[in-house]
Structures are given as structure tokens and as C-alpha cells.
Amino acid sequence: MVNATKGLFISCDIPMGQFIINMNASLPASQKFIIHVLDPTHLFVQPHVGEMIRSAMSEFRDQNSYEKPA
């Protein structure tokens with residue numbers, strides 16, 4: 001019998017993959033969302049966390065943006 005799991009496939013660069021893995025590691029065991037790490041640039045995650053990952057990445061980018069002083 002086949003054991004299939006519905007999920008979201010994420011393809012990203014290595015630093016963003018590490019960001020997502022660290023975000024998953026910071027959560028309690030009951031809230032972990034990574035189903036399988038395929039390689040450093042490809043992850044398979046639970047489908048309901050797509051928007052949470054997008055917003056966390058957006059917030060991270062905003063915090064690490066440089067704006068030239070006026």
C-alpha cells in the first residue's frame with residue numbers, strides 16, 4: 001500500500017532553505033511543518049504553512065534591508 005502525504009514543494013537557494021529549517025526548529029514538536037528535506041535547496045512542507053513562510057521571509061528581508069541615509 002502506498003503512503004501518500006499532501007504537501008507544498010519549496011525550491012529556494014541554500015540560505016533561504018536554512019532560514020526555513022531554523023524557523024521549523026524553533027517551533028514546538030507539535031507545530032513542526034517540514035515533512036522532508038530533499039536537499040539544501042528543496043523542501044517538502046505541510047500545505048497550510050505557505051503563507052506563514054512567505055510572511056516570515058518578508059519580515060526577515062525588511063529587517064535586513066539597507067537604506068542610504070538622507
Side-chain angles (χ1 to χ4, degrees):
M1 174 151 254
V2 175
N3 185 10
T5 303
K6 185 176 181 180
L8 181 66
F9 178 73
I10 297 177
S11 179
C12 58
D13 59 1
I14 292 174
M16 193 53 65
Q18 285 300 311
F19 176 78
I20 296 169
I21 290 169
N22 289 336
M23 190 169 89
N24 182 66
S26 70
L27 296 173
S30 63
Q31 296 179 350
K32 297 212 185 274
F33 56 84
I34 293 180
I35 297 170
H36 191 70
V37 177
L38 303 169
D39 64 38
T41 61
H42 298 95
L43 305 163
F44 192 58
V45 300
Q46 295 178 359
H48 67 278
V49 297
E51 189 56 40
M52 180 181 77
I53 292 171
R54 281 187 200 95
S55 64
M57 289 180 348
S58 177
E59 183 179 318
F60 179 75
R61 286 184 186 134
D62 289 344
Q63 290 174 353
N64 291 304
S65 295
Y66 174 76
E67 292 184 22
K68 184 177 178 181

Evaluation steps, side chain to side chain contact (heavy atoms under 4.5 Å, CB included), between I53 and F33: CA-CA 10 Å; I53 292 171; F33 56 84; 3.8 Å; yes
Gap between atom CG of L43 and atom CD of Q18 - 0.5 Å precision: 9.0 Å
Option passing side-chain contact (heavy atoms from CB on, under 4.5 Å) with I10 (candidates L38, V45, T41, I34): V45
Exam field: side chain S58 to backbone R54, donor-acceptor pair closer than 3.5 Å: no
Side chain N24, main chain K32, donor-acceptor under 3.5 Å: no
Where G7 and P47 come nearest, the two heavy atoms and their spacing: CA-CD, 3.8 Å
Cluster check F44, M52: I/L/V/M/F/W/Y, side chain < 4.5 angstrom: no
Residue pair Q46 / I35, side-chain heavy-atom distance below 4.5 Å: yes
Plane angle bin for H42 and F9 - parallel if under 30°, tilted between 30 and 60°, otherwise perpendicular: parallel
